[in-house]
Amino acid sequence: MLQKPRGTRDFLPDEMESRRIIEWRMREIARRWGYREVCTPEFEDLELFTMRSGEGIIEEMYVFLDKGGRKLALRPEITAAVIRMYVNEAKVAPKPLRWCYFADCFRYERPQKGRYRQFWQFGVELIGSDTAHADAEIIMLAADMLNATGVVYDLKVGHLSFMKNLIKDLELPLQRRVMAHLDKKDFEGLKNTLESINMMDLGNSLISLVECRDLGEAFEIAGAIPEKERIHQTITALDSAGVSYSLNFGIARGLDYYTGMVFEGFAQNLGAENQILGGGAYRLAHLFGGDDAASCGFAIGFDRVMVSLGELQNKKDTIVAIVCTNEGRLHALNVAKIFRKAGLRVEMDLTDRGLGAQLSHASKTADFALVIGQRETESGNVTLKNLNSGEQGTLDPHSALREVASYGARG
RNA sequence: GCCAGGGUGGGGUAGUUGGUUAUCCUAGAGGACUGUGGAUCCUCCGACCCGGGUUCGAAUCUCGGCCCUGGCCCCA
C-alpha cells in the first residue's frame, strides 16, 4: 500500500473539527487586537531563507530546482516571507502594520513527539513600531492567544541587552559561543570556554544573570544598559495587564537579527519538544532591500498546542437522516431542501435498500430520521422519528423542522 | 545523522523449540424481517510493512530497507 511521506499526517473529520475550533479561537484573538491575515507563497527562493538563517539550514529544508533551474525551497517558517512581502508590497503603508498568518511549513527533520515534517504555525508580526509598548503588545497578545486555546503553559520573557552588555568586549565568534552555551544552560561548556581566555569572573556573572528572575537584580549584574528605561516600561505594562510570565535572561534565540526583547512559551505536558511559542523584537527588512524597519512578532507551534490539548470533545451537529422508498424520493428531496435552508445537517440515504436497513444505518449515524414513502408523498407530510427515544409521529415538514430545531446540539 | 522499542484485515488483538485453510473482538456489507433501527443468529468482505537469505517449508530465524513511537543532535 502507498504510504504518506514520512513526518506528514492525515487528519480525519473529528480531528479536523478540533483543529479548526482552536485555529478560530486564535484568529478571533488576532482580530480583536487588530491583526489582519496575510498569505505568502508555499515556496520561495532558497536565498530568502539562507539570508535570514544561514547556509546551514539547507540541510533541514525541502530544497528543489524547478523546471527553469531556479533554486527554491518549501518555507521552513513564515517570518522571512512576511518581511519580504512587506518590503515588496507595503513599504509605504501607514505604520505600524499588524499582520497575522496561519499556514503550514516544512522542515526536513527527524519526526518525534510534537515534531513533524509538515506543521502549522500561527504567527503575528508588528512592523514599524520600535517602542516599549510594541514589545509589550506582542507579549500580551501571545498570552491572550495561548489562553484562548486552553493550553497550559509557562511564558518566559527576556531581553538580549543584558547578556550582550556583559559580553560586548569579546570577539564576535566567541560571543556566539557564549550565547549558545547560555541558551542551552550548558554552564560546564561556558566555564571551559571562558577559562581558556582567563575570564572566569565573566562566567560567574553570566550564570547568575541566567538564573536571575528579578529585574532589579538583573540590572545590577549586567551594569549600565541603554535600554533600561524601555525594558522597565515593557515589564510594567505586562504586570499591569496581569500577564503571567517569568523573567529569564538566558533566552538567546540563536539568531543575530533579534535585537532586544525575546520570549518563549512552553507547554507543560509535552516531551522533549515542548516549546510552543517563540518570538521577539528583530530587524530583517534591510536584508531584503527595505529600510531598517523594526519589527516584533511571534509564532505559535499549532500542532504542539493540539498535542498538548489532547483529544477534545466537540459539539456535534444534530444530524437528520432521510430514509425513503423509491416512491418517496422526490418528495424527500424537497423536504431535505427545506431543512438545509434552515441550516440543518441532512443526509439522504443513497442506497436502494429497504427501510429496515436504511433505518439501521441511520440509527448509528443520526439523531433523527425522516421517513418518507408513498403515504407521506401523497399527504405531503413526513414521518419524524427521534432515533434516541424511538418516538415518532407524522406531521407536516415545517412542524417537523421546528421539532428538530428545538432539539439543540448533542453533547 | 545517531540510539532504544515496535510493525498481523479499517481499528484492537492471538499466534516464536519454523509445520494444515492464521485466532478472536470490533467496524463494514447482506440476510433471517418486501413501511420501521439498536437484541439475537447466519453469511460475506478483509491482514502477516517491503525485499533478499537460510529451509522441503518462514508471521516466526537472519540481513537490508521503509514506516511508526519516544529520545539524542538540531531547532529558524
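Just so we're on the same page: letters track the sequence lines, and every chain starts at 1.
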- Test for a donor-acceptor pair under 3.5 Å between the base of B:C74 and the side chain of A:Arg115, counting only N and O atoms. yes
Ignoring backbone atoms, test whether A:Gln112 places a side-chain nitrogen or oxygen under 4.0 Å from the OP1 or OP2 oxygen of B:G71. yes
- Message: Against the six-membered ring of A:Phe219, is A:Lys228 placed for a cation-pi contact (under 6.0 Å from the centre, within 45° of the normal)?
- Response: yes
Q: Give a yes/no answer on whether the side chain of A:Lys184 brings an N or O atom under 4.0 Å of OP1 or OP2 in B:C75.
A: no
Of the candidates B:A4, B:C75, B:U36, the side chain of A:Glu273 sits closest to B:C75
- Does CD belonging to A:Gln268 count more than 12 external heavy atoms closer than 6.0 Å? yes
Distance col, row A:Asn248:CG vs A:Cys212:SG, nearest 0.5 angstrom, shows 9.5 Å
Per atom distances to the A:Arg110 side chain, the nearest of B:A76, B:G71, B:C74 is B:G71
Among B:A76, B:G71, B:G35, the one nearest any side-chain atom of A:Ser53 is B:A76
Looking only at B:G37, B:G70, B:C73, the nucleotide nearest the A:Ser363 side chain is B:G37
Of the listed B:G70, B:C74, B:G35, the closest approach to the A:Gln374 side chain comes from B:G35
Side-chain contact check for A:Arg353: nearest option of B:G30, B:A76, B:G35 is B:G30
Exercise. Would you say the side-chain atoms of A:Glu273 and A:Tyr116 include a donor-acceptor pair closer than 3.5 Å?
Worked result: no
